[in-house]
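Here the structure is laid out as structure tokens; the discussion comes afterwards.
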4 protein chains.
Amino acid sequence: MSDKNWLDEILMLNDENTMSEKQKKIVAAAIEIFSEKGYASTSTNEIAKKAGVAEGTIFRHYKTKKDLLLSIVAPTLAKVVAPFLAKGFIKEVFEKDHQNYEQFIRTLLLNRYHFVKNHIPMVRIFLQEIAFQPELQSECKKIFTDNVYQSFQKITLHFQNKGEIVKFPPDTVIRMTMTTIIGFLMTRFLILPDQQWDDTIEMEDTIQFLMHGLANDHIEKEHSHIT
Amino acid sequence: MSDKNWLDEILMLNDENTMSEKQKKIVAAAIEIFSEKGYASTSTNEIAKKAGVAEGTIFRHYKTKKDLLLSIVAPTLAKVVAPFLAKGFIKEVFEKDHQNYEQFIRTLLLNRYHFVKNHIPMVRIFLQEIAFQPELQSECKKIFTDNVYQSFQKITLHFQNKGEIVKFPPDTVIRMTMTTIIGFLMTRFLILPDQQWDDTIEMEDTIQFLMHGLANDHIEKEHSHIT
Amino acid sequence: MSDKNWLDEILMLNDENTMSEKQKKIVAAAIEIFSEKGYASTSTNEIAKKAGVAEGTIFRHYKTKKDLLLSIVAPTLAKVVAPFLAKGFIKEVFEKDHQNYEQFIRTLLLNRYHFVKNHIPMVRIFLQEIAFQPELQSECKKIFTDNVYQSFQKITLHFQNKGEIVKFPPDTVIRMTMTTIIGFLMTRFLILPDQQWDDTIEMEDTIQFLMHGLANDHIEKEHSHIT
Amino acid sequence: MSDKNWLDEILMLNDENTMSEKQKKIVAAAIEIFSEKGYASTSTNEIAKKAGVAEGTIFRHYKTKKDLLLSIVAPTLAKVVAPFLAKGFIKEVFEKDHQNYEQFIRTLLLNRYHFVKNHIPMVRIFLQEIAFQPELQSECKKIFTDNVYQSFQKITLHFQNKGEIVKFPPDTVIRMTMTTIIGFLMTRFLILPDQQWDDTIEMEDTIQFLMHGLANDHIEKEHSHIT
DNA sequence: CATGAATGAGCATTCATTCAT
DNA sequence: CATGAATGAATGCTCATTCAT
């Protein structure tokens, strides 16, 4: 099965519009249990019970248990990539003059914040299984490279050339930006979700941290990064 | 069984000096396979084969498969905490005048860099299983709170009071520091280990990013963080 | 789980009407092998083979091997107690004038004779496992105390007061009666089943022995048992 | 291995005089645990631990686990048979004029009473395992037939001819006598050991019951037993 | 003699998957 | 489409037995 077909098929299969009631229940149950106990430690029997369907019903909709997992996790990929694919997104970043890197990461952070907030269990599953499912890894890498990375690089170079952000290698800038955003979101929603959080302040601080960290005032650098 | 006993026991049990040849082989095999396929998807039969011992031998040394896992993962905890426990560590940070936050994170980053570099499989296992093993979670939280966090907070306040770093809430500063370091190490060793890396430059940039991000020149802050 | 529920559940579960073909085969195979080799020395694999089902099928019907054992043995309890629970049984003993202790034990012996004759393997299993299964012991004691013993005591006192049988302590009379009956049945069916037996004569002799042994003509007793 | 050799060897092996300290501990531990949990459910590891020896030590003294069992149970056989083998025993019964059947069973009961009282765990083990160990069964049958049964039959015929006891078939008399004695001892020591027992009275009653049951005053017998 | 690490066959139990209804 | 009984390979774990020390 070619990579493209695999993902498409699953996305189509898991289009919420085409899913029967039972199927939706199965997916909901699977997400919940996978997220709590991990894919490998979850039995189809358990899923069936929680979904209120017969065990056989699961296999009527998904050829194997792993298919069920992928059908859950794969769409996450698409949704993560989505903003970068949104037609106007990059165009807007480039064209609007008043746009700056801060605006970009502010948008990005807010967007990711809402996504993670609304999909915690799915994100948990994704983070766990990306380590062990080669199909997921390659698909993820491909999607990231083809879509996110390219846009991200263009944006980085754009603002580096405008002298707005420091001239680290673009990959490094991307890494720092993503690391800071992901680090915040994971701490916020996965590691310490029960702690008291003032999200507005915390996000503002995170943006300030990122902007200062990447500000183009790194004067005394002994090595100059020219791209 | 009290938490302390549990960890101590396993640490003693897994002291490399007291381990027989076969036991070492078992641990080595387990680390490798757990790291590749995950704990739940690894069979004791597989471990035994790779270790070149009989399956029963595993259970002579470790009462259960989970005991084997914990005996591997638990020491990682101790080693991660180690530098913060070193007697002179904090004292040095405070007393030596030439010491600054940059020096601190530079030491920290280098130290963690070498640790992760030398224990990649164990770190992988740890990151996977911390999500599902409650014993691990609580022990981890306890060790972090009792040791790392306290030191880290003192250091943060120290340099905030010296006016060297920005007056975000200490927890936020700690989060940003850890996030940046861990983000780098994970990208470097787990996510993109095969990419070309110039570690010296990358680490220097990371430190610069962090120092600028936390530098005490956040002027226009609409909300002032006073501790 | 309350004792009552445990037994009831198993009885319901093992109602022959509600059992599938495969389940009946499993029970039949288990009874045979348990009876021959003992519960602990019988493997589920062996049972499955003899029953002509997959090993997994056993565990679809019985959660554990011990559940299978109890589901076989527990109903024996109920059947043993049955005659004492029969509504008319005691009433008849008391009310019909022509009824005497001999009539009572004659009925009892005959009834038990047919039961044991038709359930030899189950009785073997029961006798073996009662020694090691605490659930069985307590349930057995409870059922005996609540049902058999009370009836038996009433009957004994009744005929002692009528002057028909010797005034040993009722418990002693009960013990002698049961011992004699059980002793005969065990010799007949378990210890020497292959010997030539004229059951009619043997049972008649046993009744005579019992009646003479308990007849109220123990004159020279140095200790008088008054209840 | 011929039957005779098997038993002799074990008896010699288990002669308390020739046993080392460790061996005695092993036997003591085995008796205790076998008695509690049954032979099949007891692990050699468990025995070794309770005995305070290494597991290997058990197999230095007993070739297999079953050998250990037989070495424990087999001597019981010899001891049970002992009184019948005592040279003077039968002679005494026959020759002393004042001797009667009552005297005989009184001696028998008292003798067995003390034996069971002092060897409860061994008796438990014996009763459990006689059902499953063919070697034990055949040896037991042989010993009983060759020694006990013959003596018992002679004695029975003797007192039947003297008109002292009823002329049931000798086998029947033997069965009733044994059943009554064994029934008492099992109730007393195995089934209800915790109940309050006045052994003197209980045994006297049991003898009276037995003597009346076998007394030669069964007049109205419709079938005459002439041997 | 005693030890206890090592063995590997065997055990009860679980599980993803199939298929007749 | 949905069911759930049936499957049998696989799993974690136990155990009697061996043997080098």
Side-chain angles (χ1 to χ4, degrees), chain A residues 20-23 25-26 39-49 51-69, chain B residues 20-23 25-26 39-49 51-68, chain C residues 20-23 25-26 40-49 51-68, chain D residues 20-23 26 39-49 51-69:
Chain A
S20 75
E21 268 325 295
K22 301 236 167 198
Q23 202 173 347
K25 276 184 185 167
I26 290 169
Y39 166 76
S41 305
T42 301
S43 72
T44 49
N45 169 26
E46 210 175 348
I47 297 170
K49 261 181 195 149
V53 304
E55 217 169 338
T57 308
I58 294 176
F59 292 91
R60 186 150 296 279
H61 292 288
Y62 304 92
K63 220 153 56 91
T64 67
K65 186 186 162 196
K66 185 170 279 183
D67 266 18
L68 173 57
L69 170 69
Chain B
S20 75
E21 270 325 296
K22 303 240 167 197
Q23 202 173 347
K25 276 183 185 170
I26 290 169
Y39 166 76
S41 304
T42 301
S43 73
T44 50
N45 170 20
E46 210 174 347
I47 297 171
K49 264 181 192 148
V53 304
E55 209 168 343
T57 308
I58 295 176
F59 293 93
R60 175 154 294 280
H61 292 289
Y62 304 92
K63 227 153 61 89
T64 65
K65 188 187 161 196
K66 185 170 279 182
D67 263 20
L68 174 57
Chain C
S20 75
E21 269 325 295
K22 302 239 167 195
Q23 201 173 348
K25 275 183 186 170
I26 290 169
S41 305
T42 301
S43 73
T44 50
N45 170 18
E46 209 175 348
I47 297 170
K49 264 180 193 150
V53 304
E55 211 168 342
T57 308
I58 294 176
F59 292 92
R60 174 153 295 279
H61 293 289
Y62 303 92
K63 227 154 60 91
T64 66
K65 188 186 160 195
K66 185 171 278 183
D67 264 21
L68 174 56
Chain D
S20 75
E21 269 324 294
K22 301 236 168 198
Q23 200 173 348
I26 290 169
Y39 166 75
S41 304
T42 301
S43 72
T44 49
N45 170 26
E46 209 175 348
I47 296 170
K49 261 180 194 148
V53 304
E55 216 169 338
T57 309
I58 294 176
F59 292 91
R60 187 149 295 279
H61 291 287
Y62 303 92
K63 223 153 53 94
T64 67
K65 187 186 162 196
K66 185 170 279 185
D67 265 20
L68 173 57
L69 170 69

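Excluded from the calculations below are hydrogen atoms, water molecules and symmetry mates; all remaining heavy atoms, backbone and side chain alike, are included. Residue numbering restarts at 1 for every chain, and letters A, B, ... go by the order of the sequence lines.
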Report the distance from atom [atom1] of [X] to atom [atom2] of [Y], rounding to the nearest 0.5 Å.
| X | Y | atom1 | atom2 | answer |
| --- | --- | --- | --- | --- |
| B:Ile58 | B:Asn45 | CD1 | CG | 8.5 Å |
| D:Ile26 | D:His61 | CD1 | NE2 | 5.0 Å |
| D:Lys22 | D:Arg60 | NZ | CZ | 12.5 Å |
| C:Lys25 | C:Thr57 | NZ | OG1 | 11.0 Å |
| A:Glu46 | A:Glu55 | CD | CD | 10.5 Å |

When you compare F:dT21 with E:dC1, how far apart are their C1' atoms, in angstrom units rounded to a whole number?
13 Å
Under 4.0 Å from OP1 or OP2 of [N]: is there any side-chain N or O of [X] that close?
| X | N | result |
| --- | --- | --- |
| B:Ser43 | F:dA10 | no |
| A:Thr64 | E:dA16 | no |
| C:Thr44 | E:dA12 | yes |

Gap between atoms [atom1] and [atom2], on [X] and [N] respectively (whole Å):
| X | N | atom1 | atom2 | result |
| --- | --- | --- | --- | --- |
| B:Tyr62 | F:dT14 | OH | C1' | 19 Å |
| A:Ile47 | E:dC15 | CD1 | P | 11 Å |
| B:Lys65 | F:dC13 | NZ | C1' | 12 Å |
| B:Asn45 | E:dT13 | CG | C1' | 17 Å |
| B:Asp67 | F:dG12 | CG | P | 14 Å |
| A:Phe59 | F:dC1 | CZ | P | 19 Å |
| D:Lys66 | F:dC15 | NZ | C1' | 16 Å |

Spell out, as yes or no, whether a donor-acceptor pair under 3.5 Å connects the side chain of D:Lys65 to the backbone of D:Tyr39.
yes
Quick check: does any side chain N or O of D:Tyr62 sit under 3.5 Å from a backbone N or O of D:Leu69, one acting as donor and the other as acceptor?
no
Min side-chain heavy-atom separation C:Leu68-C:Thr44 under 4.5 Å
no
Contiguous pairing runs of three or more, Watson-Crick or G-U under 3.5 Å, that involve DNA chain F:
E:2-21 with F:2-21
Protein heavy-atom contacts under 4.0 Å, written 5' to 3' over nucleotides 3-8 of chain E as B (base), S (sugar-phosphate only) or - (none), form the string BBBBBB
Between C:Ala40 and D:Ser41, what is the shortest heavy-atom contact and its length?
CB-OG, 3.5 Å
Need one value for B:Ser41: base, sugar-phosphate or nothing, where a base atom within 4.0 Å counts as base even if backbone is also close, heavy atoms only.
nothing
